[in-house]
2 protein chains.
Amino acid sequence: MSNRDTNIRKAIELFFFAYRDFTGEADTILDEYGFGRAHHRAIYFIGRSPRIAVHELLAILKITKQSLGRVLGQLITEGYVRQEIDEKDGRRRLLTLTKFGASLERLLTERQSQRIEKAYALSGKGADRSFLKVLEHMIDDLGSIHPEIRD
Amino acid sequence: MSNRDTNIRKAIELFFFAYRDFTGEADTILDEYGFGRAHHRAIYFIGRSPRIAVHELLAILKITKQSLGRVLGQLITEGYVRQEIDEKDGRRRLLTLTKFGASLERLLTERQSQRIEKAYALSGKGADRSFLKVLEHMIDDLGSIHPEIRD
DNA sequence: TATATATGTCAGTTATGTTGACGTATATGC
DNA sequence: GCATATACGTCAACATAACTGACATATATA
């Protein structure tokens, strides 16, 4: 196998293992709450953009409303997410984390943040910027992602 | 929100979107074969390590033998993977890709390789090394991963 | 010979996604 | 104001890929 192949294979594999460990830690915590990764995604993006509309969340997650409906229903019923009607557009339901939701979100995000910061610290100067750049260029349509992420 | 938080959140999100797009392209191809991401993982790691034993594959994938059994069964029945008994240890079944399996593996890996190389090319000098370094430091137990990956 | 290891299989469950159909409320364009 | 589009919700059926638990068999090793 060529050197190029070996090197790219290393990237493919590290990407797989890193993503697994990155999500695995959160998965363990979520388990104690009876939630899964789908709940995490919802909590995360609602936390990032309070008063986000359901259709906006669907566009980010790229899943069907039926799939989201199930997890959102649980999160609302169990008091982690609050829903309100948009005053400007009565069709929209705006989603916000409750106190409990925000607390869980912080717990999960804090762990993942620490993992990233640890990796940055061990990877030398400028590695953080390079890491983000490579990830950005691996994404098909960066423009379609919520504004805040586009620098 | 602090600058640190915003920056780390960007990493969390880009990691999520990049991984989704990275796997999504392969998922589409696999669909045409009636396979899923689980089949891809098996094909990939068998392709990387021909004559790998089932228990070694299980250790890499960290799934149960029942889960692997299903996808492996399909791959063998449909002629993508070949199984042989280890001469040195008759309990072991060694797994190798057939001609068809190797062809599918190349198709999938080639797409992912191109995505990574494109991202490298757009990310400036040294970004590739930094990218790998950060990923490595995000992994819990790098040592447990198959030897070849440890440089 | 006893025990550990490697593999396979059967059965039932869970999480997360899908499609398709249908209903309702609200907004918008002509 | 009426037709159409958008936003949301819900019911039902289904698919994939993971899980646990139980049990069986063959082979290796102490």
Side-chain angles (χ1 to χ4, degrees), chain A residues 16 19-20 23-24 26-46 51-78 81-96, chain B residues 16 19-20 23-24 26-46 51-78 81-96:
Chain A
F16 168 62
Y19 194 76
R20 186 172 66 186
T23 54
D27 289 346
T28 306
I29 297 170
L30 288 157
D31 232 38
E32 296 163 23
Y33 290 77
F35 294 145
R37 201 173 294 181
H39 302 85
H40 187 187
R41 287 177 191 145
I43 287 175
Y44 178 86
F45 285 106
I46 294 169
R51 298 173 57 84
I52 188 173
V54 173
H55 77 277
E56 291 172 325
L57 190 51
L58 285 173
I60 291 171
L61 297 175
K62 286 186 188 161
I63 56 173
T64 58
K65 61 179 175 176
Q66 294 92 328
S67 281
L68 180 60
R70 189 171 28 208
V71 299
L72 215 46
Q74 287 176 263
L75 291 172
I76 292 168
T77 303
E78 301 183 27
V81 169
R82 176 167 27 91
Q83 220 178 17
E84 59 178 311
I85 295 173
D86 186 355
E87 284 178 9
K88 292 174 189 166
D89 185 339
R91 296 169 302 177
R92 290 185 161 94
R93 298 298 122 101
L94 306 183
L95 306 168
T96 310
Chain B
F16 168 63
Y19 194 76
R20 186 173 66 183
T23 54
D27 289 346
T28 305
I29 297 170
L30 288 156
D31 232 39
E32 296 163 22
Y33 290 76
F35 294 146
R37 202 174 292 180
H39 302 83
H40 186 186
R41 287 177 190 143
I43 287 175
Y44 177 86
F45 285 106
I46 295 169
R51 296 174 57 85
I52 189 173
V54 173
H55 77 276
E56 291 172 324
L57 191 50
L58 285 173
I60 291 172
L61 298 176
K62 286 187 189 160
I63 56 173
T64 58
K65 61 180 173 174
Q66 294 91 328
S67 284
L68 180 59
R70 188 177 28 208
V71 300
L72 215 47
Q74 289 177 263
L75 291 172
I76 292 168
T77 303
E78 302 183 26
V81 170
R82 176 167 28 91
Q83 220 179 17
E84 60 179 310
I85 295 173
D86 187 356
E87 284 178 9
K88 292 172 188 166
D89 185 340
R91 296 169 303 179
R92 290 186 162 94
R93 298 298 122 100
L94 307 181
L95 306 168
T96 309

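Within every chain, numbering begins at 1; the chains are lettered A, B, ... in the order of the sequence lines, protein sequences first and strands thereafter. FYI, side chains are in, hydrogens and waters are out, and symmetry mates aren't considered; it's all heavy atoms of this structure.
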Study note, to complete from the structure: dist A:Leu57:CG -> A:Arg41:CZ (nearest 0.5 Å) comes out at 11.5 Å
Could you give the [atom1]-to-[atom2] distance, from [X] to [N], as a whole number of Å?
X	N	atom1	atom2	answer
B:Ile85	D:dT25	CD1	P	17 Å
A:Leu94	D:dT6	CG	P	19 Å
B:Leu61	D:dA17	CG	P	13 Å
B:Arg51	C:dA6	CZ	C1'	16 Å
A:Lys88	C:dA27	NZ	P	13 Å
B:Leu58	C:dT7	CG	P	8 Å
B:Arg92	D:dT29	CZ	C1'	12 Å
A:His40	C:dA15	NE2	P	17 Å

Polar pair under 3.5 Å, donor/acceptor by atom type, side chain [X], base [N]:
X	N	value
A:Arg93	D:dG9	no
B:Gln66	C:dG12	no
B:Arg91	C:dT5	yes

Check your understanding: DNA chain C: A:Arg70 or A:Gly90, which has the more 5' nearest nucleotide?
Key -> A:Arg70
Study note, to complete from the structure: Here the residues of residues 30-39 of chain B within 4.0 Å heavy-atom distance, strictly under, of DNA chain C are none
Practice item. Indicate whether OP1 or OP2 belonging to D:dT6 is found under 4.0 Å from a side-chain N or O atom of A:His55. Key: no
Check your understanding: Got a salt bridge between B:Asp89 and B:Arg91, using NZ or NE/NH1/NH2 to carboxylate O under 4.0 Å?
Key -> yes
Check your understanding: Which residue lies toward the 5' end of DNA chain D, B:Thr64 or A:Lys65, if each is placed at its nearest nucleotide?
Key -> A:Lys65
Review point. Between the two ends of the helix from C:dT1-D:dA30 to C:dC30-D:dG1, what is the bend in degrees, rounded to 10 degrees, where each end axis spans five pairs?
Key: 30°
Practice item. Just call it for A:Gln74: base, sugar-phosphate, or nothing, with non-hydrogen atoms closer than 4.0 Å on any strand. Key: nothing
